[in-house]
Visitor: 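The structure's right below; bear with me while I get my questions together.
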Amino acid sequence: MNQIKSLLVILLILVLGFAVYLILHSDLLQNKLEGSEMIPPDAVMVYETNDPVGMWNTVVGQPVWEKLHQLPLLSGLEAQLVQLDSLTGKSGILNSYLKGQEFRLSLHPLGRENFGFMVSIAFKNRDFLDFIQNFNNENQGDPVKVRTYSGVNLFELNLEEGQRVFTYAIYNNVLVGSFTSFLVEEGIRHAKSEELKSYKQTYPHLFHAGASLSPKGILRVSGDAFSGLVKEISSEKSNKLVTDLSASDFSANLVPSFSDDRISFNGELYVEGELKEVLSKDSGTSDMPFSSLISRRTALLYLYMFSDFQNFKLIPNASFSPDPVISAEISENPEIQSLVNTLTGEVALILEERLMGNNPEQVLLLGVENSRESFKSLENYILEMNQNDSSKIFRAHFLGYEVIRLDMNDFPSYIFNGNFTGFSKSYFAVVAGRLVVANSLRAMRNFLEDIYYDNTWGKSMVFNQVLKESKNDAPVQVFLNNDRFFNLLTQASQPSWSSVFQKYATVFRSLEWMKIYLREKGELDILFDIELEEKSDNGQLLLSESTSTQFDKKLLYGPAGLENFNDKSTDFLVQDEDLFIHLITAEGEQVFSQAISEEIISDVFQIDYYQNGKLQLLFATDRQIYALDRYGNFLPGYPIRFEEDRQIAQLNVLDYDNNRKYRLFVADRRGDLFVYNVSGELLKEWAPRESIEGPLAVKPAHHRVPGLGDFMVAMHNNGSLRLYNRRGEVKEGGTVVLGESISTAYGIEEGSEEGLSKIVTVNDAGEVVKVNFKGELTYRNQLLRPGRQTRFDLVNDQVGTDYVWVIQEYNELKVLNPDESLLFVTNILSEELEYRFYSFGTSNKIFVVLDRTQDFAYLYNYQGKLINQKPISVSENLWISFSGGRNEYTLVTVYENELQEYKIPF
């Protein structure tokens with residue numbers, strides 16, 4: 001890229017003498033400048049040193065240079081500096097000329113998506129004349145062109161076989177040059193003008209007496225210009241990252257350092273021209289809080305470790321404009337003040353997907369003295385806001401956690417002195433003694449899912465090492481995980497920038513972590529950890545069989561993974577061809593075997609029938625619904641005999657309010673709907689809800705939509721979608737035609753705002769359709785359909801919060817993201833394929849193809865690369881889980897008469 005390539009300016013500084021005056025005025029050095037007068041105030045950053053060659057040699061002598069010099073332009077810069085040293089006489093003469101002089105390299109915006117470098121050297125003595133003369137005598141290049149700007153001669157030198165022109169000038173004792181002549185002209189204009197402010201005049205605090213030049217040089221950074229750089233890179237011009245950078249009005253002086261696998265910057269942080277004061281961290285706390293709650297999908301983490309909640313007063317967000325009415329309400333409400341009084345000062349802000357978008361997913365982890373009391377205070381406050389009508393409170397349950405919602409824009413900002421904006425709604429839960437706040441239901445679900453799967457930093461050896469190396473004395477810390485951030489960066493960047501990031505992905509990806517530590521009195525450390533070894537990206541993981549359990553008969557159902565309520569391990573249910581069901585522990589031990597009269601045709605659900613924390617299992621056959629305890633005993637009233645002359649097609653188990661008052665939602669083969677209570681009584685309003693649309697394409701379900709309430713959903717094979725309330729009444733607009741026929745599932749697209757969630761599916765003609773819960777068809781798009789036999793599927797993940805599209809045409813499979821962009825293409829020759837999708841985080845996903853013709857399973861990562869080098873034999877189903885603590889997948893399959901378990905290190 002031209003911007004990076006412009007770093008060649010370090011080389012071309014010395015070319016300034018190539019065609020400069022052969023005879024200089026004797027009073028040249030009488031009115032000496034220091035060089036900063038020629039730097040315009042829009043500079044993103046300014047690097048100053050009085051030993052440029054020595055600093056360059058330090059950089060190229062580090063192991064990290066082996067990684068950085070893979071960028072062709074940086075390696076070319078190194079070669080041309082050697083050539084330049086040769087032109088000036090070799091033997092270190094170049095170093096002797098520049099050492100002790102004031103060298104500055106600045107980066108400036110040039111317009112849309114373009115930046116340029118300007119270099120200046122303020123010479124302190126007449127050695128400058130010798131340097132110019134020596135260079136002029138040695139060089140035999142093309143003649144220099146001369147023109148005048150504001151009374152100053154500008155020299156233009158053709159470089160790189162005439163492809164680029166380097167412009168330079170001499171003003172008093174300063175040499176200034178750039179590949180962009182406009183920057184040289186701007187430098188002259190600022191130096192000669194008494195009205196225009198230079199960089200130094202604009203940011204005088206960066207040049208105070210204590211900011212003397214280090215032997216390693218100093219990097220001065222302007223926050224306004226830096227946020228402009230980020231804005232130009234980003235395709236979303238008003239994203240939260242840019243807004244936060246712009247609002248903070250920060251600037252910094254930083255001293256660079258290089259080690260084997262790290263680049264660091266140490267210095268001072270200023271906000272509004274003053275040192276950023278923060279109180280020191282509580283000396284009694286040594287470990288990083290929240291480590292077991294930080295999801296591995298985290299791209300950016302802000303960590304605050306204050307000894308007291310009141311310390312947030314020292315870091316106000318001046319850009320936040322509170323509503324006076326809300327501020328007064330919060331400051332006076334006893335429930336909110338009760339919550340505030342429990343806050344400890346330890347806070348973590350997690351940003352995940354869409355970090356560079358307008359509405360990134362955010363999760364706040366709050367340290368509180370009593371999480372249950374804090375949650376109860378919030379619940380009481382929400383009840384007050386709804387005039388004590390509990391039916392108006394949004395309440396959901398996910399993986400055993402209760403979630404409530406507060407409908408107030410930027411509620412955390414009112415509590416934390418303007419910090420933590422971007423919460424149009426706040427979703428609350430209590431996890432491991434912490435109060436968790438998410439800005440969307442999807443963000444909360446993702447977070448709770450990662451906790452459930454131990455997919456957290458604290459459960460990973462790799463991440464734990466990062467945490468152990470963190471500097472615990474800093475009360476404010478920021479961690480950027482480039483493994484997560486890089487993909488977001490390439491997706492959210494302008495095309496011209498994205499292409500550069502992708503072209504040199506090996507180098508950019510080697511920057512594993514950026515860590516920022518802010519201490520009291522504005523002391524700032526910025527560290528970049530670099531992976532020097534090349535990362536393997538062949539997509540092949542080692543898959544090894546760990547256990548195998550054999551049965552006397554062929555298995556025709558399973559494995560269904562079930563939680564063992566005693567120790568939270570996983571048991572597996574299978575059924576053999578003699579219709580015996582078997583419950584097997586993860587170690588292969590049999591818990592029970594029980595004969596039933598028919599084959600299982602539904603999922604296996606777990607319920608807490610006795611409401612004592614002990615879980616039972618429930619499933620359906622063609623004509624009965626079975627429920628058994630963990631020892632194989634039937635629950636009272638079971639099996640439930642289904643209606644006369646009808647056969648069950650689908651079964652779902654509902655728990656509307658997570659109060660263990662279960663409902664059994666059943667569809668028969670005609671498409672009629674029935675709802676039973678857990679005791680087996682058929683509810684009269686669903687006895688049945690008859691349908692003329694015919695069989696269902698997928699099991700009926702219940703969805704609670706923020707702002708709209710409860711919905712019972714039935715999607716039929718003939719393309720009809722029906723929406724009911726819990727009493728079986730059709731909702732307004734509750735019948736929608738999605739197409740002539742549907743043979744796949746539907747997914748849920750979470751809305752960023754209240755009431756905007758949608759049902760998403762694809763009909764058999766390949767038309768993607770989206771319907772909101774008001775019954776309005778909001779989107780139609782025809783996917784590519786090469787032929788009439790093309791098959792289209794929507795495949796949900798294991799918990800129903802993510803999905804992919806699959807297009808099958810003969811032996812070619814195309815897998816698409818939810819936004820219909822192509823993920824990958826693969827080829828499998830088979831007439832009968834089924835698909836499974838498992839999602840354990842943003843970049844931790846597995847797509848499975850089951851070849852029913854050959855009884856093979858193929859596992860792909862999210863880049864479309866096979867995980868298993870040879871197919872796995874699978875005759876029925878498979879079950880996959882992920883453990884963040886062990887950093888491995890567990891794969892359990894059924895083949896013939898065997899239950900097989902595999903381990904796959906991640």
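Numbers here simply count residues along the sequence, with the first being 1.
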Visitor: side-chain contact (heavy atoms from CB on, under 4.5 Å) between H703 and I759: does it pass, once the steps are laid out?
Guide: CA-CA 10 Å; H703 298 283; I759 293 171; 5.6 Å; no
Visitor: Given 3.5 Å as the limit, does a donor-acceptor pair link the side chain of T456 with the main chain of L293, or not?
Guide: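 Pair absent, no side-chain N/O of T456 close to backbone of L293.
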Visitor: Between Y656 and R726, is there a cation-pi geometry (under 6.0 Å to ring centre, at most 45° from the normal)?
Guide: yes
Visitor: Whether the N877 and R836 side chains hold a donor-acceptor pair (N or O, under 3.5 Å, no angle test) is what I'd like checked.
Guide: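 Yes.
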Visitor: Going by salt bridge (Lys or Arg N to Asp or Glu O under 4.0 Å), name the residues that satisfy it together with D668, two or more places apart in sequence or in a different chain.
Guide: R646
Visitor: Taking side chain as C-beta onward, heavy atoms only, is V815 less than 4.5 Å from Y835?
Guide: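 Side-chain contact under 4.5 Å: no.
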Visitor: Say whether E809 and T790, considering side chains only, have a donor N or O and an acceptor N or O under 3.5 Å apart.
Guide: yes
Visitor: Over all heavy atoms of both residues, which pair between N781 and Y779 is shortest? Give the atoms and the distance, please.
Guide: CB-OH, 3.2 Å
Visitor: Taking the six-membered ring for Trp, are F840 and Y838 parallel (under 30°), tilted (30 to 60°) or perpendicular (over 60°)?
Guide: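 F840 vs Y838 ring planes: parallel.
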Visitor: Is the distance between the ring centroids of F642 and F674 under 6.0 Å?
Guide: yes
Visitor: Could K845 and D797 be called an ion pair, given the rule that one side-chain N must be under 4.0 Å from one carboxylate O?
Guide: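 Salt bridge between K845 and D797, a charged N being under 4.0 Å from a carboxylate O: no.
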Visitor: With a 3.5 Å distance limit and no angle check, can you tell me whether D672 reaches the backbone of S691 through a side-chain donor-acceptor pair?
Guide: yes
Visitor: When rounded to the nearest 0.5 angstrom, what distance separates CG in D483 from OG1 in T298?
Guide: 12.0 Å
Visitor: Passes side-chain contact (heavy atoms from CB on, under 4.5 Å), L673 versus L696? Steps please.
Guide: CA-CA 10 Å; L673 302 174; L696 269 63; 4.1 Å; yes
Visitor: Do you know which two heavy atoms are closest between L683 and R663, and how far apart they sit?
Guide: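 Of all heavy-atom pairs spanning L683 and R663, the closest is CD1-NE, 3.6 Å.
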Visitor: Quick one: does any side-chain atom of R405 pair with a main-chain N or O of F394 as donor and acceptor, under 3.5 Å?
Guide: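 No, the answer is negative, given that no donor and acceptor are paired below the 3.5 Å cut-off.
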Visitor: Between N652 and F665, is there a donor-acceptor pair closer than 3.5 Å when you use the side chain of the first and the backbone of the second?
Guide: no
Visitor: Mind checking whether F856 and N868 have side chains closer than 4.5 Å, heavy atoms only?
Guide: no
Visitor: With side chains defined as the heavy atoms from C-beta onward, is the minimum distance between N658 and E402 less than 4.5 Å?
Guide: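 No - every pair of side-chain heavy atoms lies 4.5 Å or more apart.
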Visitor: Main chain of E563, side chain of Q606: is a donor-acceptor contact present, judged purely on distance under 3.5 Å?
Guide: yes
Visitor: Would a distance-only check, ignoring hydrogens and angles, find a side-chain to backbone donor-acceptor pair under 3.5 Å from S426 to V437?
Guide: no
Visitor: Please report the interatomic distance NZ(K770) to OG(S757), rounded to the nearest 0.5 Å.
Guide: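 K770 NZ to S757 OG: 12.0 Å, rounded to 0.5 Å.
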Visitor: Could you give the distance from OH (Y860) to OG1 (T826), rounded to the nearest 0.5 Å?
Guide: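 The OG1 atom of T826 is 3.0 Å from OH of Y860, to the nearest 0.5 Å.
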Visitor: Just by distance, no angles: are the side chains of N817 and Y862 close enough, under 3.5 Å, to form a donor-acceptor pair?
Guide: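 Yes, Y862 and N817 have a side-chain donor paired with an acceptor closer than 3.5 Å.
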Visitor: Is it true that E776 and T778 share a donor-acceptor pair across their side chains at a distance under 3.5 Å?
Guide: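 Checked: T778/E776 side chains show no N/O donor-acceptor pair below 3.5 Å.
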Visitor: Check the side chains of Y724 and E685 for a donor-acceptor pair under 3.5 angstrom, ignoring hydrogens and angles.
Guide: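 No, because no side-chain N or O of E685 sits under 3.5 Å from a partner of the opposite role on Y724.
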Visitor: On a heavy-atom basis, which atom in N763 and which in G739 lie closest, and how many Å separate them?
Guide: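 What the structure gives for the nearest pair is ND2-CA, 3.7 Å.
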Visitor: How long is the straight-line distance from CE of M712 back to CZ of R722, given to the nearest 0.5 Å?
Guide: 14.0 Å
Visitor: Given 3.5 Å as the limit, does a donor-acceptor pair link the side chain of S720 with the main chain of V737, or not?
Guide: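 Checking the backbone N and O of V737 against the side chain of S720, no donor-acceptor pair under 3.5 Å is found.
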Visitor: Are more than 12 heavy atoms from other residues, nucleotides or ligands located less than 6.0 Å from atom OH of Y810?
Guide: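 Atom OH in Y810 is not crowded, with 12 or fewer foreign heavy atoms closer than 6.0 Å.
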Visitor: Using a strict 4.0 Å threshold on nitrogen-to-oxygen distance, state whether E379 and R395 make a salt bridge.
Guide: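 Looking at R395 together with E379, the answer is yes, because their closest N to O distance falls below 4.0 Å.
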Visitor: Can you tell me if CZ on F398 sees more than 12 non-hydrogen neighbours from other groups inside 6.0 Å?
Guide: yes
Visitor: Quick one, L399 and E449 - any side-chain contact, counting heavy atoms below 4.5 Å?
Guide: yes
Visitor: Working to the nearest 0.5 Å, report the span between CZ of R442 and OG of S440.
Guide: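 The OG atom of S440 is 7.5 Å from CZ of R442, to the nearest 0.5 Å.
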Visitor: Between V675 and L682, which heavy-atom pair has the shortest distance, and what is it?
Guide: O-CD1, 3.5 Å
Visitor: Can you tell me if D764 uses its side chain to pair, donor with acceptor, with the backbone of S743 under 3.5 Å?
Guide: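 Checked: pair present.
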Visitor: Any salt bridge between R727 and D710, counting N to O under 4.0 Å?
Guide: no
Visitor: Taking the six-membered ring for Trp and the single ring otherwise, decide whether the centroids of Y746 and Y803 are under 6.0 Å apart.
Guide: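 Centroid separation for Y746 and Y803: 6.0 Å or greater.
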Visitor: Please check: side-chain N/O of S602 versus main-chain N/O of F619, any donor-acceptor pairing under 3.5 Å?
Guide: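 No; judged by distance alone, with no hydrogens or angles, the pair does not exist.
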Visitor: Once rounded to the nearest 0.5 Å, what's the spacing between atom CG of N481 and atom CZ of F485?
Guide: 11.0 Å
Visitor: Taking it one step at a time, do N796 and D802 satisfy side-chain contact (heavy atoms from CB on, under 4.5 Å)?
Guide: CA-CA 6 Å; N796 281 299; D802 197 5; over 6 Å; no
Visitor: Is there a side-chain contact (heavy atoms from CB on, under 4.5 Å) between V713 and F711? Walk through the geometry before answering.
Guide: CA-CA 6 Å; V713 178; F711 290 81; 4.3 Å; yes
Visitor: Would you confirm whether N386, through its side chain, and S390, through its main-chain N or O, come within 3.5 Å as a donor-acceptor pair?
Guide: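 It does not hold such a pair.
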Visitor: Which pair of heavy atoms, one from R780 and one from L738, lies closest together, and at what distance?
Guide: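 In this case the closest contact between R780 and L738 is NH1-O, 4.0 Å.
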Visitor: Can you confirm whether more than 12 heavy atoms, excluding those of Q782, are under 6.0 Å from its CD atom?
Guide: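 More than 12 heavy atoms, drawn from other residues, nucleotides or ligands, come within 6.0 Å of this atom.
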